[in-house]
Amino acid sequence: MKFASSYEPGEYESDIYGAWEASGIFKPQVPTYPVDNDGDGKDDRLESKTAKTFSIVMPPPNANGNLHIGHGLTIALEDSLTRYHRLRGDSSWYIPGADHAGFETWVVYERELEKQGHTRFEYDRDDLYNKVWDFVAAQRGNMELQVRALGASCSWDDLTFTLDENVIDRVYTTFEKMWNDGLIYRGEKLVNYCPKHQTAFADIEVEHKDEKGTLWDIEYKLVDRPASLIVSTTRPETLFGDTAVAVNPEDERYKSLIGKMVKLPLTDRLIPVIADEHADPEYGTGVVKITPAHDFDDFEVGERHNLDRVQVISEDGHMVNVSEKYFGLSTADCRKQVLKDLKEKDLLKGEKQIVHSVAHCYKCGTVLEPMLKEQWFVDVKKLAAVAIEHLEDNEIKFHPENKKLVLIDYLKNLKDWNISRQIPWGIAIPMFRKDDASATDEPDWIFDRRTNLKEIEKGGVKYVRDEDTFDTWFSSSHWPIVCTDWDEENYSPYYPLNVMETGADILFAWVARMIMMGLYITGKVPFREVYLHGLVLDEHGKKMSKSKGNVINPIDLVTKYGSDAFRLGILRGRSAGMNQAFSENSVIAGRNLANKLWNISRLIQSIVDEEETADSRGSGAWQGEDERARPVATGASDAPREDAISFSTDNMGEDWICREINSCLEQVEQDMKTYRFAEAVETLYQTIWDKYADWFLESQKIFKNTALLKKTLETLLIALHPFAPFVTEAIWQNISWTEGFIATTNWPEKLQYDPISAENFENIRIIVSEVRTTLQSLPGTNNAKKYELLYDNDSLVAENELLIKTLTRVPAINNLGGSPRGLRLALANHEIYLDVPESVIKEYREALTEKILAVGRELDALNLRMENPNYTERAPAHLVKETQDKITEKQSLISRLKQQLDII
RNA sequence: GGGGAUUUAGCUCAGUUGGCUAGAGCGUACGAUUCACAUUCGUAAGGUCACAGGUUCAAGCCCUGUAAUCCCCACCA
């Protein structure tokens with residue numbers, strides 16, 4: 001016996017993964033590059049009946065990080081899909097990736113530098129890039145091992161790293177095209193800037209948090225009259241950058257002051273009073289100071305009124321362009337000083353506490369400073385418009401559906417995209433600035449791919465490299481294109497991707513940009529469907545976080561319960577787009593299913609072994625005389641066929657299990673088509689456990705049909721394989737009659753069965769359940785052993801005595817022969833009794849009364865429905881008939897139970 | 001301010017086009033036990049489908065309103 005009594009995942013998983021990988025089964029069958037084997041000069045892939053392809057990319061995990069629970073979910077989802085399609089015969093390509101994780105890795109590395117007592121400013125960009133490269137290379141590998149541990153059937157030879165040459169190449173090609181198309185521009189704008197990391201961010205990377213703050217009222221005195229304006233601000237230190245104060249043009253209080261000058265406190269500067277809609281008469285005093293260089297709204301006001309932009313805060317968060325007293329102070333110190341000085345001059349007229357939202361760095365939590373900087377921007381209007389057009393044409397199907405509208409809404413309001421980052425770890429921006437003022441005819445900036453050079457020469461003019469790198473999302477937006485080897489010449493049968501699976505939280509940052517970029521570069525949407533998963537929350541529905549200490553590590557669970565258990569557990573009870581709780585319990589349930597399946601296989605193998613031994617002795621030990629030739633085998637129809645494997649008719653569980661397995665297969669197929677993973681798993685779980693093990697295998701302990709046992713086990717193993725790849729493969733390798741890998745076998749065809757026989761077994765199940773229920777509700781314990789089962793005039797019971805006896809464990813089943821005794825079961829269509837003595841029946845009286853009442857209530861409800869003429873006239877005929885039948889059934893049941901009660 | 005969701009058993013969730021007595025897992029209670037599996041088997045209890053109206057022969061599902069929870073976007077001088 002090869003099978004241990006329980007499934008130990010640790011003993012099998014890594015060997016199995018190794019065998020899969022070594023045999024190359026994760027590679028797609030249809031090549032990714034043109035092939036011309038017949039030498040006719042044409043791409044064979046296009047000539048042949050194109051095999052169906054399935055392609056999906058892995059959202060690249062951080063190359064030097066570890067997987068978290070979200071990755072665990074992503075891989076469970078993506079790999080289940082991939083394996084399912086592989087079994088269905090599609091040329092399936094699951095493309096793995098690794099992310100240089102620009103900013104994240106940089107933050108980690110910069111901390112490392114600090115530990116060593118260095119700062120980034122001691123090195124130039126190329127040095128830093130090389131240092132980080134080495135750092136990442138040294139840390140790399142864990143992630144990829146963890147992806148393997150989760151069972152991802154991805155094609156490792158095709159792993160794409162976000163800094164691979166082909167990626168950089170593609171990004172430069174796009175950038176050049178955009179530059180030539182006028183979609184890229186350099187602009188001085190206010191950008192969100194982290195003074196700690198000294199880099200700018202895109203809007204999307206900013207984290208807004210509500211915080212308590214103080215609103216100070218400051219007096220600005222008018223120059224030509226003894227009057228003053230009170231302005232309110234949360235940032236008094238920025239007053240040095242004020243270049244105007246604004247009032248609403250409709251505000252009667254201040255109309256006469258528009259155009260006058262006020263003196264900027266603590267300075268000698270005079271600034272004008274301007275009229276602008278931005279000033280809200282309802283808010284505070286209705287007067288607002290305008291600091292174009294340090295506030296987003298003020299920046300726009302400044303544009304409208306042509307105001308100067310006076311930058312008073314440096315990139316490292318210190319005061320500049322101010323009088324000596326304040327120069328060099330940190331913004332926080334400067335604020336204190338300004339408040340103190342204003343108070344002394346009696347210009348501070350009030351303060352109050354408010355709650356307002358403040359922008360923070362999503363990595364270090366530092367308050368972001370709006371900073372005036374020259375950056376590269378993408379003009380997104382056209383790109384977004386094209387994306388919206390294709391989305392509205394329903395070219396991409398979303399799961400959940402509503403996310404499409406959310407995305408369209410986002411694209412409609414999208415602002416230009418800042419793609420410059422002031423960190424060295426990333427793809428260098430391929431732009432060079434003219435370094436020769438005398439060359440007036442030459443453009444200020446030129447595109448050039450030679451970013452390894454700090455300066456280049458073109459046409460006798462010297463140009464200097466821009467030191468910035470790309471926003472990670474700029475390159476990531478190319479992911480479907482670079483992963484599938486699409487280019488302008490090579491037709492890739494894998495582009496567009498069949499499905500893009502990723503977190504709902506990066507719908508805007510990533511999915512939106514992939515769509516825009518895909519359309520811009522290839523003219524096609526980059527994927528046909530989008531499946532978005534939500535956050536995995538802890539068991540109480542709270543976000544997992546290090547500070548809360550509720551983080552679950554997927555690899556720990558894999559180690560403890562096995563990869564399959566983790567996958568089954570994390571898929572269960574989860575639907576698209578929803579943030580849902582997760583607990584170890586669901587993984588334990590998955591572990592139990594794996595073990596159940598293992599033991600099912602162990603039982604079947606032992607039956608197969610025994611039969612083979614018996615055959616070799618020449619006596620059909622398990623093929624009793626009852627056996628008749630019966631047609632059941634694979635095939636598409638329900639109709640019995642005469643040429644198939646034979647098996648015994650007496651055990652009607654055989655037809656029944658075929659019916660149930662067929663319906664399970666149909667359900668799973670439907671669920672996979674509609675991305676309802678949890679439902680697919682649930683269906684399989686119930687079919688394998690509740691139906692196959694608890695009813696069919698129990699029945700097979702009486703009549704063994706080895707051929708069918710083999711066939712049905714294979715079917716269930718294959719159907720579960722996408723979700724639980726390891727245990728199904730381990731069993732496949734352990735049972736004696738299968739060949740090759742289950743991972744590359746074919747999705748099962750439907751089984752043939754006789755519907756009448758199947759329905760008969762369903763009736764037997766109902767009888768058995770009723771017997772069990774009644775036995776449990778009788779007084780005393782061990783009732784099953786005490787009472788015999790009696791029946792009258794019932795061929796179903798008569799023909800299946802042994803089966804019913806085994807399933808109910810009653811000591812005997814006898815034909816009454818017309819003289820009823822004992823306790824009659826509450827079954828409408830069968831006359832079945834438990835041979836229970838009078839004394840016990842009397843004790844059962846109460847339960848019987850309750851049962852009669854319950855059936856009576858059901859009957860009343862049905863009658864009420866039938867009495868309503870609107871129902872009988874307007875409801876579909878089959879429903880009305882069903883109701884009528886039910887009434888008849890309930891009535892007869894009640895009268896029988898009442899008879900029983902009368903006897904007592 | 002704008003938008004998106006969620007609310008069904010003690011907990012976590014299904015319930016697809018309105019149509020049988022609203023389901024599952026976990027948990028709970030009771031019972032079983034050599035003979036594949038205690039990671040087991042059997043049975044049961046447990047529901048005002050958030051609330052209030054409406055449409056319909058029929059509503060967990062559709063419509064209107066209310067409440068609570070969560071998320072996103074914008075703004076907050």
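A, B, ... follow the sequence lines: proteins, then strands. Residue 1 opens every chain.
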Legend entry - Heavy-atom donor-acceptor pair, A:Arg253 side chain to A:Pro281 backbone, under 3.5 Å: yes
Inset, instruction - Find out whether the Lys NZ or Arg CZ of A:Arg513 is both under 6.0 angstrom from the six-membered ring centre of A:Trp417 and within 45° of the ring's axis. - result: yes
Legend entry - Main-chain N/O of A:Lys548 paired to A:Ser545 side chain as donor or acceptor, under 3.5 Å: yes
What are the atom names and distances for every N/O pair under 3.5 Å that joins the protein to nucleotides 14-16 of chain B?
residue: B:A14; atom: OP1; partner: A:Ser575; partner atom: OG; Å: 2.4
residue: B:A14; atom: OP1; partner: A:Gln580; partner atom: NE2; Å: 3.1
residue: B:A14; atom: O3'; partner: A:Glu679; partner atom: OE2; Å: 3.4
residue: B:A14; atom: O2'; partner: A:Glu679; partner atom: OE2; Å: 3.3
residue: B:G15; atom: OP1; partner: A:Arg676; partner atom: NH1; Å: 3.4
residue: B:G15; atom: OP1; partner: A:Arg676; partner atom: NH2; Å: 2.8

Inset, instruction - Please evaluate the base of B:U21 for a donor-acceptor partner in the side chain of A:Lys890 within a cut-off of under 3.5 Å? - result: yes
Legend entry - First encountered from the 5' end of RNA chain B, between A:His540 and A:Tyr685: A:His540
Inset, instruction - Using a heavy-atom cut-off of under 4.0 Å over every strand shown, decide if A:Lys886 touches base, sugar-phosphate, or nothing. - result: base
Inset, instruction - Take atom OH of A:Tyr871 and atom P of B:A58, then tell me their distance rounded to the nearest Å. - result: 12 Å
Legend entry - Nearest-Å distance for atom pair NZ/P, residues A:Lys543 and B:U69: 17 Å
Inset, instruction - Quickly work out the A:Leu535 CG to B:C70 P distance and round it to whole Å. - result: 14 Å
Inset, instruction - Kindly assign one of parallel, tilted or perpendicular to the pair A:His399 and A:Tyr675, based on the angle between their ring planes and the thresholds 30° and 60°. - result: tilted
Inset, instruction - Just call it for A:Pro876: base, sugar-phosphate, or nothing, with non-hydrogen atoms closer than 4.0 Å on any strand. - result: base
Legend entry - Involving RNA chain B, stems made of at least three consecutive Watson-Crick or G-U pairs, both distances under 3.5 Å: B:1-7 with B:67-73, B:10-13 with B:23-26, B:28-32 with B:40-44, B:50-54 with B:62-66
Inset, instruction - Indicate the atoms forming the closest heavy-atom contact of A:Glu205 with A:Tyr362, along with that distance. - result: O-CD2, 3.1 Å
Inset, instruction - Using a heavy-atom cut-off of under 4.0 Å over every strand shown, decide if A:Asn413 touches base, sugar-phosphate, or nothing. - result: nothing
Inset, instruction - Ignoring backbone atoms, test whether A:Asn868 places a side-chain nitrogen or oxygen under 4.0 Å from the OP1 or OP2 oxygen of B:A58. - result: no
Legend entry - Nucleic acid footprint by protein, nucleotides 39-50 of chain B - heavy-atom cut-off 4.0 Å, B for base, S for sugar-phosphate alone: BSSBSS------
Legend entry - Nearest-Å distance once atom C1' is located in both B:U69 and B:U28: 28 Å
Legend entry - Most 5' of A:Arg572 and A:Leu697 on RNA chain B, judged by nearest nucleotide: A:Arg572
Inset, instruction - Report yes if some heavy atom in the side chain of A:Arg765 is under 4.5 Å from a heavy atom in the side chain of A:Leu807; otherwise report no. - result: no
Inset, instruction - Between B:C63 and B:U16, how far apart are the P atoms? Round to whole Å, please. - result: 14 Å
Legend entry - Step-by-step side chain to side chain contact (heavy atoms under 4.5 Å, CB included) determination, A:Ile804 to A:Val771: CA-CA 10 Å; A:Ile804 295 171; A:Val771 172; 5.6 Å; no
Inset, instruction - Check if the side chain of A:Lys785 and the base of B:A32 share a donor-acceptor pair of N or O atoms closer than 3.5 Å. - result: no
Inset, instruction - May I ask you to say what A:Arg235 touches in the nucleic acid, namely base, sugar-phosphate or nothing, with a heavy-atom cut-off under 4.0 Å? - result: nothing
Legend entry - Backbone N/O of A:Glu237 and side chain of A:Arg335: donor-acceptor pair under 3.5 Å: no
Inset, instruction - Counting heavy atoms from C-beta on, name the nucleotide in B:A36, B:C73, B:U21 closest to the side chain of A:Phe508. - result: B:C73
Legend entry - B:C20 and B:U66, which share atom name C1', separated by this distance in whole Å: 33 Å
Inset, instruction - For nucleotides B:U8 and B:A24, find the distance between their C1' atoms and express it as a whole number of Å. - result: 13 Å
Inset, instruction - Tell me, yes or no, whether the heavy-atom count around A:Arg809 atom CZ, taken from other residues, nucleotides or ligands under 6.0 Å, exceeds 12. - result: no
Inset, instruction - Using atom CD1 of A:Ile688 as one end and atom P of B:C37 as the other, report the distance to the nearest whole Å. - result: 19 Å
Legend entry - P-based separation of B:C30 from B:A14 [nearest Å]: 32 Å
Inset, instruction - May I have the distance from A:Leu507 (atom CG) to B:G4 (atom P), rounded to whole angstrom? - result: 14 Å
Inset, instruction - For atom NZ of A:Lys786, decide whether the heavy atoms of other residues, nucleotides or ligands shown that lie under 6.0 angstrom number more than 12. - result: yes
Legend entry - Separation of the C1' atoms in B:U56 and B:C62, to the nearest angstrom: 10 Å
Inset, instruction - Return yes if some donor-acceptor pair links the side-chain N/O of A:Asp409 with the main-chain N/O of A:Leu405 below 3.5 Å, else return no. - result: no
Inset, instruction - Describe the nucleic acid contact of A:Glu873 in one word from base, sugar-phosphate, nothing, applying a heavy-atom distance below 4.0 Å. - result: nothing
Inset, instruction - Would you mind classifying the nucleic acid contact of A:Glu682 as base, sugar-phosphate or nothing, using non-hydrogen atoms under 4.0 angstrom? - result: sugar-phosphate
Legend entry - Of the listed nucleotides B:A36, B:G19, B:U21, the one nearest the side chain of A:Leu603: B:A36
Inset, instruction - Have a look at A:Ala581 and say if it touches a base, only the backbone sugar-phosphate, or nothing, with a 4.0 Å heavy-atom cut-off. - result: sugar-phosphate
